[in-house]
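Structure first, commentary second.
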2 protein chains.
Amino acid sequence: MCAVSHSLIVLGKTTVSWQGKRREGARREILASAWAVAREHGVAALTLRQVAERVGMRAPSLYSHFDSKHAIYDAMFGEAWAEFEQVMGAVVPPSSPRALVRLMCRTFFEFATSDLARHQLMNIRTVPDFTPSEENYRPAVRVYERMTELFAGVGVADPADLDLYTAVVSGLVDQQWANDPGGTRWARLVDRASDMYADAIGLPEEPT
Amino acid sequence: MCAVSHSLIVLGKTTVSWQGKRREGARREILASAWAVAREHGVAALTLRQVAERVGMRAPSLYSHFDSKHAIYDAMFGEAWAEFEQVMGAVVPPSSPRALVRLMCRTFFEFATSDLARHQLMNIRTVPDFTPSEENYRPAVRVYERMTELFAGVGVADPADLDLYTAVVSGLVDQQWANDPGGTRWARLVDRASDMYADAIGLPEEPT
DNA sequence: GTCTATAGTTTGATAGAC
DNA sequence: GTCTATCAAACTATAGAC
């Protein structure tokens, strides 16, 4: 963000821009290390010393780039949702309602089961006392809006139907992580669950 | 609680029995306090000092009753599943398949959404480095067996069908806690989800 | 069995030299 | 911006008096 604001400075001042980029680069490196540590030891067990060590810094140096440990969690939260926002943005919505539902189920399941740390952080409740800032919460809101649009596009607009969808797909993810991490026991059920849901909300059968 | 245990002492060996019961009573009090602290500050944030304070002890005294903090978590884990085992044991299985499925969904949902700390502890992943002992894992196994039996009793025996059931019901619980704790947004969908599931596994329609 | 005292870690965060 | 040094505060767990 600093880089962006610096780049908006018009005349000369190459030095300032370069510093901005440098700063942004450091932030990125720190976040990348934080993700690595979180994946290795669990999100809740993340410590500043471990993050710093991986970056090749000392712990206090992190405070030149982040105000606190929570600020790092916050940035990670925003990054994770921004990632999923990109995935959702790349979705080419099929015109068939059932195909869309199936694609949504698969997309979310694949994303949520491919990185436990990211999943835990996105859905919180595992990091105590952490509330995302408004800024980093925005991507999450946009993702939900995008989902709403896509469903509305195939005629699914009842909020209760959307809630049922999130329950089904998050249940699959939940069980997969809890009882068969790394396996396919619930992954195998994704399409079936999708059809089950499609039937329940009365989507028309597909032509064969 | 102590009065009750005293009344159970019948003949001879009063001293030993009394000591044993007394010990058991202290354990119970400690666990009750641990639950209270967990509910108030979150399972992961539980500390021995807080538990001790609530019980009217100093932290080191807890070691006269539990070997470690993990031993307390372990006992809590066992208690929680034993509680649910009792609930499941009290279930009078309806002969109608759809009624049974609905009852199972409601029973689990109600239990899992009525106490976050208990729910988090039962399904782990929130307390780092904690693995339940074999002894305290047993009630969890028995509950699963009981569920299997009940489903088999109405003709549902395919393991994949059971996995689909756990996904559906745990998804409802998950969303309720994550997005509307204390509310009824997903509670309202329990019966609908149950019917959706019943349709998917091909249970016969009920006579009206 | 409960206490005081304390060991032994680990943590997030700050101060100030360079 | 990064470092060293350090603070202040938690935590689990142990030792030993009573």
Side-chain angles (χ1 to χ4, degrees), chain A residues 1-3 6 15-34 37-38 40-76 126-131 133, chain B residues 1-2 5-6 14-34 37-38 40-76 126-131:
Chain A
M1 181 189 294
C2 286
H6 280 157
T15 319
V16 172
S17 273
W18 182 83
Q19 281 180 351
K21 290 291 180 187
R22 191 82 183 84
R23 232 186 116 75
E24 199 50 34
R27 274 182 69 99
R28 243 193 283 275
E29 275 186 69
I30 290 168
L31 285 179
S33 300
V37 172
E40 204 164 323
H41 300 92
V43 185
L46 187 141
T47 70
L48 294 182
R49 280 172 171 77
Q50 280 179 304
V51 173
E53 187 186 16
R54 201 175 270 263
V55 174
M57 274 180 177
R58 302 296 185 163
S61 305
L62 299 179
Y63 286 87
S64 296
H65 304 277
F66 291 92
D67 287 341
S68 67
K69 187 186 181 183
H70 268 49
I72 294 181
Y73 276 135
D74 194 36
M76 291 170 81
T126 141
V127 182
D129 304 327
F130 169 62
T131 316
S133 65
Chain B
M1 186 187 297
C2 284
S5 56
H6 281 160
T14 316
T15 319
V16 172
S17 273
W18 183 83
Q19 281 180 351
K21 290 294 179 183
R22 190 81 184 83
R23 239 188 109 76
E24 201 49 37
R27 275 181 67 99
R28 244 193 282 275
E29 274 186 68
I30 289 167
L31 286 178
S33 300
V37 172
E40 203 163 324
H41 300 92
V43 185
L46 186 143
T47 71
L48 295 182
R49 277 176 171 75
Q50 281 179 305
V51 174
E53 187 185 16
R54 198 175 271 262
V55 108
M57 272 181 179
R58 303 294 185 164
S61 305
L62 299 178
Y63 286 86
S64 297
H65 304 277
F66 291 93
D67 287 341
S68 65
K69 186 186 180 182
H70 269 49
I72 294 180
Y73 276 135
D74 195 36
M76 292 169 81
T126 141
V127 182
D129 304 326
F130 169 62
T131 316

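Below, chains carry the letters A, B, ... as their sequence lines are ordered, and counting in each starts from 1.
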| query | Do A:R54 and A:E29 meet the salt-bridge criterion of a basic N to acidic O distance under 4.0 Å? | reply | no
Whole-Å gap separating [atom2] ([N]) and [atom1] ([X]):
X	N	atom1	atom2	value
B:E53	D:dC11	CD	C1'	15 Å
A:E24	D:dG1	CD	C1'	16 Å
A:M57	C:dG12	CE	C1'	17 Å
B:Y63	D:dA15	OH	C1'	14 Å
B:D67	D:dT12	CG	P	15 Å
B:Y73	D:dA13	OH	P	11 Å
A:L48	C:dA13	CG	P	6 Å
B:K69	C:dT9	NZ	P	19 Å

| request: Specify whether A:Y73 and A:F130 have parallel, tilted or perpendicular ring planes, treating 30° as the upper limit for parallel and 60° as the lower limit for perpendicular. | output: tilted
| request: Would you check if B:H70 and B:D74 make a side-chain contact, meaning some heavy-atom pair closer than 4.5 Å? | output: no
| query | Is B:H70 near enough to D:dT12 that one of its side-chain N or O atoms lies under 4.0 angstrom from OP1 or OP2? | reply | no
Using a 3.5 Å cut-off and no angle test, enumerate the donor-acceptor pairs between side-chain atoms of residues 44-51 of chain A and protein atoms at least two apart in sequence or in another chain.
{"residue": "A:T47", "atom": "OG1", "partner": "A:Q50", "partner atom": "N", "Å": "3.3"}
{"residue": "A:T47", "atom": "OG1", "partner": "A:Q50", "partner atom": "OE1", "Å": "3.3"}

| message | Over all strands shown, is A:L62 touching base, sugar-phosphate only, or nothing at heavy-atom distances under 4.0 angstrom? | response | nothing
| task | Name all residues meeting the salt bridge (Lys or Arg N to Asp or Glu O under 4.0 Å) criterion together with A:E53; count only those two or more places apart in sequence or in a different chain, and write none if there are none. | result | none
| message | Can you tell me how far apart CE (B:M57) and OG (B:S64) are? Round to the nearest 0.5 Å. | response | 7.0 Å
Nucleotides 4-10 of chain D: which of its N/O atoms have a protein N/O under 3.5 Å away?
{"residue": "D:dT4", "atom": "OP2", "partner": "A:R58", "partner atom": "NE", "Å": "3.0"}

